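Remember, it's a predicted structure, so these values are computed and weren't measured experimentally.
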Amino acid sequence: MNLIVSTISQGFIWSIMAIGLFITFRILDFPDMTVEGSFPLGAVTAVSLIQSGHSTIYALCIAFIFGCLAGFATAFLYAKLNVPILLAGILTMTALYSINLRILGKANMSLTKSANIFNQFGLDKLPTNFNGIILGIIIIALIIFLLIIFLNTEKGQAVIATGDNETMAASLGINTTVMKFIGLMVSNGIVALTGGLIAQQNGFADVNMGIGVIVIGLSAIIIGEVIYPDVPLSVRLITVVIGSIVYRLILMIVLQLGFNTNDLKLISAIILALCLALPTIRAQFLKTLRNGVKTK
């Protein structure tokens with residue numbers, strides 16, 4: 001039972017990162033590799049500040065701001081210097097590796113058990129692993145609430161329009177360059193915030209902890225869309241959370257079957273590939289089924 005609760009707890013926390021990735025991957029409709037650098041950026045920033053004596057809330061706020069700056073760098077390369085978005089993200093991600101080393105001063109740093117947000121504000125009095133679930137629900141509810149409010153504003157609708165059809169958005173007088181900056185900054189800010197939370201949950205920060213996080217985020221998004229297709233945008237944000245929890249439960253089951261933990265990245269890639277291929281497989285199956293009925 002503790003294993004299941006722990007898995008659900010991780011699913012809630014990691015879903016925050018997936019929500020950040022959803023902004024670029026689904027709303028703005030382009031892949032952003034910056035997240036593999038902004039995630040550890042948030043982690044090393046939070047741990048460094050907490051170890052320096054700052055509060056956990058302050059550390060997470062600064063992590064969010066630093067993540068926004070990382071998104072700004074990618075947006076500048078992409079929107080102002082016309083660097084392809086994939087390459088712009090890779091360039092920023094590569095640069096962030098050195099920046100993360102500068103911030104942390106070394107490859108990794110441990111965090112004392114008491115100096116993290118999961119053991120504050122009375123969360124330490126909850127049953128084992130329930131602190132992650134409660135904290136995750138609170139942060140997710142706040143982020144989704146703020147995103148829904150923003151996306152229903154004129155600026156939010158402009159961001160959505162930019163992702164749907166940039167040419168049309170520009171013809172309507174929308175400054176699509178500004179919209180890209182907003183989307184990338186908010187997205188990477190949320191991802192960096194998640195990095196700070198995960199570092200506190202794990203008790204350490206490592207400059208390499210961002211490797212593969214984009215696969216984790218995409219898996220949560222795709223699984224949520226497969227389970228709940230054709231739902232409104234506000235509901236899709238909730239499906240990302242469900243997808244993240246399901247993804248973590250799948251990993252737990254795989255590990256319980258005896259697979260090596262070293263294979264987690266491979267398993268994650270396979271899960272994502274299957275989820276991406278599922279709509280095509282389903283459409284092909286239905287087509288075959290209809291053809292069979294017509295033949296009869």
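In this structure, the side chains of R248 and I8 stay at 4.5 Å or more apart for every pair of heavy atoms. Annotation: side chain of S9 is in contact with side chain of Q201 (closest heavy-atom distance under 4.5 Å). Contact of the F12 side chain with the I134 side chain is not registered, since no non-hydrogen atoms from C-beta on lie closer than 4.5 Å. Within the 4.5 Å cutoff, the side chain of I223 has heavy atoms near those of the I227 side chain. Between M17 and I216 the shortest side-chain heavy-atom distance falls below 4.5 Å. L101 is not listed as a side-chain neighbour of K106, based on a closest heavy-atom distance of 4.5 Å or more. A 4.5 Å side-chain heavy-atom check between F25 and D32 finds every atom pair outside the cut-off. No side-chain heavy atom of E166 sits under 4.5 Å from any side-chain heavy atom of M179.
Of all heavy-atom pairs spanning G163 and D29, the tightest one is O-CB, 3.7 Å. Closest non-hydrogen pair, A205 versus A43, comes out as CB-O, 3.7 Å. Scanning all heavy atoms of the two residues, the minimum distance from I13 to T194 falls at O-CG2, 3.5 Å. The heavy-atom pair separating F64 from V186 by the smallest distance is CE1-O, 4.4 Å. Taking each heavy atom of T34 and T92 in turn, the nearest pair found is CG2-CG2, 3.7 Å. Contact record, A46 with A59: O-CB, 3.7 Å, taken as the closest heavy-atom pair.
L96 contributes atom CG, which lies 11.5 Å from atom CD of E36 (distance to the nearest 0.5 angstrom). The structure places CD1 of I242 at 4.0 Å from OH of Y228, a figure rounded to the nearest 0.5 Å. Considering CD1 of I140 and CG of L147, their distance stands at 12.0 Å, rounded to 0.5 Å. Rounded to the nearest 0.5 angstrom, I137 CD1 and S15 OG are separated by 9.5 Å. With rounding to the nearest 0.5 angstrom, the CG atom of L218 is 10.5 Å from the OH atom of Y247. Atom OG1 of T162 and atom CG of N175 lie 8.5 Å apart (nearest 0.5 Å).
Exactly one of I160, L146, I23 qualifies for a side-chain contact (heavy atoms from CB on, under 4.5 Å) with L151. That residue is I160.
No single ILVMFWY cluster, assembled from side-chain heavy atoms under 4.5 Å apart, contains both L87 and M93. Taking hydrophobic clusters as Ile, Leu, Val, Met, Phe, Trp and Tyr residues chained together by side-chain heavy-atom distances below 4.5 Å, I211 does not share a cluster with I90. Taking hydrophobic clusters as Ile, Leu, Val, Met, Phe, Trp and Tyr residues chained together by side-chain heavy-atom distances below 4.5 Å, M185 does not share a cluster with L193. Hydrophobic clustering (ILVMFWY, side-chain heavy atoms < 4.5 Å, transitive): I245 and V231 are in one cluster. Connection of I144 to V235 is established within a shared hydrophobic cluster, with ILVMFWY side chains joined at heavy-atom distances below 4.5 Å, either directly or through further cluster members.
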Show, in sequence, the C-alpha distance, side-chain angles and deciding distance for V241 and I19, and conclude whether the side chain to side chain contact (heavy atoms under 4.5 Å, CB included) test is met.
CA-CA 8 Å; V241 180; I19 290 171; 4.1 Å; yes
List the steps and the verdict of side chain to side chain contact (heavy atoms under 4.5 Å, CB included) for I99 and F66.
CA-CA 11 Å; I99 293 173; F66 278 19; over 6 Å; no
Run the ring pair (Phe, Tyr, Trp, His ring centres under 6.0 Å) test on Y78 and F30 for me, step by step, so that the C-alpha distance in whole Å, both residues' side-chain angles and the decisive distance to 0.1 Å come before the verdict.
CA-CA 11 Å; Y78 171 56; F30 51 67; 5.4 Å; yes
Apply the test side chain to side chain contact (heavy atoms under 4.5 Å, CB included) to residues L104 and D206: give CA-CA distance (whole Å), side-chain angles for both, the deciding distance (0.1 Å), then the verdict.
CA-CA 9 Å; L104 205 59; D206 190 293; over 6 Å; no
For a side chain to side chain contact (heavy atoms under 4.5 Å, CB included) check, start with the C-alpha distance between I214 and L21, then their side-chain angles and the critical distance, and finish with the verdict.
CA-CA 8 Å; I214 192 169; L21 187 60; 4.1 Å; yes
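Looking at Q200, its side chain does come within 3.5 Å of a backbone N or O of I117 through a donor-acceptor pair. Using a distance-only test at 3.5 Å, with no hydrogens or angles considered, a donor-acceptor pair links the side chain of T153 to the main chain of F150. Without hydrogens or angle criteria, S55 side chain to Y58 main chain gives a donor-acceptor distance under 3.5 Å. A side-chain donor-acceptor contact under 3.5 Å links T239 to the backbone of R236. A distance-only check finds no donor-acceptor pair linking the side chain of S187 to the backbone of L184 [under 3.5 Å]. Between the N202 side chain and the F204 main chain, no donor and acceptor come within less than 3.5 Å of each other.
When the shell of 6.0 Å around CZ of F145 is examined, it contains 12 or fewer heavy atoms from other residues, nucleotides or ligands.
With no hydrogens or angles considered, a side-chain donor-acceptor pair links S38 and N188 at under 3.5 Å.
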